[in-house]
Amino acid sequence: MVRANGAVSLRELARVVQTSEVTVRRDVRALEAEGLLDRRHGGAVLPGGFTRESGFPQKSHLATAEKTAIADLAASLVNEGEAVVVGAGTTTQELARRLARVPGLTVVTNSLLVAQALAHANRVEVVMTGGTLRGSNYALVGSGAEQSLQGLRVSRAFLSGSGLTAERGLSTSNMLAASVDRALVQAAAEVVVLADHSKLGTDTMFQTVPTDVITRLVTDEPSSHDERSATELQALADQGVQIAVAGVAQGSSAPRPGQGAGAGPNGGRGEGPAGRQSRRDMPMPGPRRTHPPTAPGGPGLRGPVSLSDQQLSGRVADLAPRRR
């Protein structure tokens with residue numbers, strides 16, 4: 001499966017071979033010892049290293065249900081009439097498909113896939129950057145893309161990447177892609193990172209968004225055996241990142257837009273046209289940062305909250321976003 005697709009997730013492997021993720025993880029570890037593949041958190045890829053990046057066809061097979069759930073939840077953060085930037089990636093492409101239903105929206109992007117997903121949206125204006133086409137992920141990069149973003153100001157930037165750690169923030173393995181992502185961040189008042197659990201704790205070559213610049217992380221819920229992801233989520237929360245966890249339907253693909261309980265950007269039930277998706281907001285105590293304040297809302301919990309395995313698998317109430 002790795003040779004055919006370039007990458008594969010542990011959850012998908014467990015489903016295909018009808019066994020547990022624990023067994024799959026052990027076998028993947030043995031295959032890595034033989035040099036047949038490289039383990040990545042939550043999956044496996046062809047042997048490479050920090051500089052290797054899977055192309056779009058390979059990435060599109062990874063964590064598909066998780067990306068769908070993350071996109072559903074991220075779309076609930078967007079209101080009618082907003083202007084946002086959306087970076088390149090398979091998760092942001094899923095988000096774009098849902099943003100097509102938000103009336104009066106303006107989307108600035110360097111991704112041909114994002115633009116294609118919005119091409120037939122009657123009430124959405126799409127603004128594309130200039131630049132040079134990077135065929136591996138259908139994104140426009142280079143000085144032309146960066147210069148076209150100068151002087152731009154939007155409410156939010158939605159970005160994904162190759163890895164996310166509390167120490168370095170969001171990163172990617174391509175220098176040109178990282179440079180454009182940094183320009184997208186400069187144009188936004190808030191930065192929302194979309195990253196499934198397989199990217200948590202993974203560090204790649206070029207930093208795109210430092211941790212103290214990330215306003216919110218939208219991710220899926222790690223498994224009860226995934227201590228590394230839980231630890232990374234806690235570390236990110238300790239630095240002031242607001243964490244929203246999207247629920248993934250068990251035994252099927254992720255919930256479609258319009259199914260499940262929703263949540264809007266203020267921590268309540270989402271009423272936007274982009275669809276509804278259950279979430280658990282987990283902003284934690286952390287150092288003060290200099291981002292523009294986000295709108296308060298929702299009940300808070302008293303005292304520090306720890307992202308233990310038990311708490312990750314249980315009910316977590318929506319918390320009020322911190323003022324930055």
Side-chain angles (χ1 to χ4, degrees), residues 7 9-11 21-22 24-25 28-29 32 38-45 49-50 53 59 62-63 65-67 69-70 73-74 89-92 158-173 178 181 185 191-248 279-287 289 291 304-314 316 319 321-322 324:
S9 71
L10 294 183
R11 289 183 182 178
E21 287 188 38
V22 174
V24 169
R25 187 177 292 108
V28 166
R29 189 179 298 114
E32 183 184 45
D38 284 349
R39 281 188 300 157
R40 290 292 182 267
H41 195 52
V45 299
F50 273 99
E53 182 183 30
K59 290 181 179 180
L62 279 175
E66 291 84 350
K67 291 173 182 177
I70 289 169
L73 179 50
T90 53
T91 310
T92 51
F158 292 91
L159 299 175
S160 61
S162 302
L164 177 65
T165 66
E167 181 180 0
R168 291 187 70 218
L170 192 66
S171 61
T172 185
S173 55
D181 280 355
V185 168
V191 178
V192 181
V193 170
L194 312 182
D196 65 78
H197 70 280
S198 67
K199 297 177 181 178
L200 298 176
T202 298
D203 197 7
T204 51
M205 195 167 184
F206 298 99
Q207 182 191 58
T208 57
V209 189
T211 306
D212 63 353
V213 176
I214 300 172
T215 307
R216 185 187 297 265
L217 165 65
V218 184
T219 186
D220 62 293
E221 184 169 353
S223 69
S224 58
H225 303 288
D226 196 347
E227 296 181 2
R228 181 181 178 184
S229 291
T231 301
E232 204 66 47
L233 283 176
Q234 179 66 68
L236 287 163
D238 287 343
Q239 297 198 37
V241 177
Q242 299 177 38
I243 299 173
V245 179
V248 180
R279 82 171 184 192
R280 303 185 310 179
D281 272 354
M282 296 183 233
M284 307 288 181
R289 291 160 35 198
H291 296 312
V305 180
S306 174
L307 283 174
S308 64
D309 288 344
Q310 180 180 2
Q311 288 170 310
L312 278 173
S313 60
V316 179
L319 306 186
R322 295 175 59 256
R324 301 181 186 279

What residues form a side chain to side chain contact (heavy atoms under 4.5 Å, CB included) with A178, not counting sequence neighbours?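 T172, R182, F206, T208.
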
What residues, two or more places apart in sequence or in another chain, satisfy side chain to side chain contact (heavy atoms under 4.5 Å, CB included) together with T92?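 Only V86, V114, S160, L194 meet the side chain to side chain contact (heavy atoms under 4.5 Å, CB included) criterion with T92.
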
Give a yes or no answer on whether the side chain of Q207 reaches the backbone of R168 with a donor-acceptor pair at less than 3.5 Å.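 Present.
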
Search all heavy atoms of [X] against all heavy atoms of [Y] and return the closest pair with its distance.
X    : Y    : value
K199 : G161 : NZ-O, 2.9 Å
L217 : L233 : CD2-CD2, 3.7 Å
A69  : A246 : O-CB, 3.5 Å
G169 : I214 : CA-CD1, 4.4 Å
D196 : K67  : OD2-CE, 4.0 Å
G201 : T165 : C-CG2, 3.7 Å

Would you say the side chain of [Y] lies within less than 4.5 Å of the side chain of [X], judging by non-hydrogen atoms?
X    : Y    : answer
R228 : L200 : no
D220 : R11  : yes
T211 : E167 : no
V218 : V192 : yes

Interatomic distance, L73 atom CG to R216 atom CZ [nearest 0.5 angstrom]: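 So the gap between those two atoms works out to 8.0 Å.
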
Salt bridge (Lys or Arg N to Asp or Glu O under 4.0 Å) with E32: which residues, sequence neighbours excluded?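 Counting only residues at least two positions away or on another chain, E32 forms a salt bridge (Lys or Arg N to Asp or Glu O under 4.0 Å) with R39.
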
Take D212 and Q239 through the test side chain to side chain contact (heavy atoms under 4.5 Å, CB included) and record every step on the way to the result. CA-CA 7 Å; D212 63 353; Q239 297 198 37; 5.6 Å; no

Taking S162 as the fixed residue, which of T204, T202, D203 is the one that meets the side-chain contact (heavy atoms from CB on, under 4.5 Å) rule?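 The single option meeting the side-chain contact (heavy atoms from CB on, under 4.5 Å) with S162 is T204.
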
Test side chain to side chain contact (heavy atoms under 4.5 Å, CB included) on L170 and V191; report intermediate values, then the result. CA-CA 11 Å; L170 192 66; V191 178; over 6 Å; no

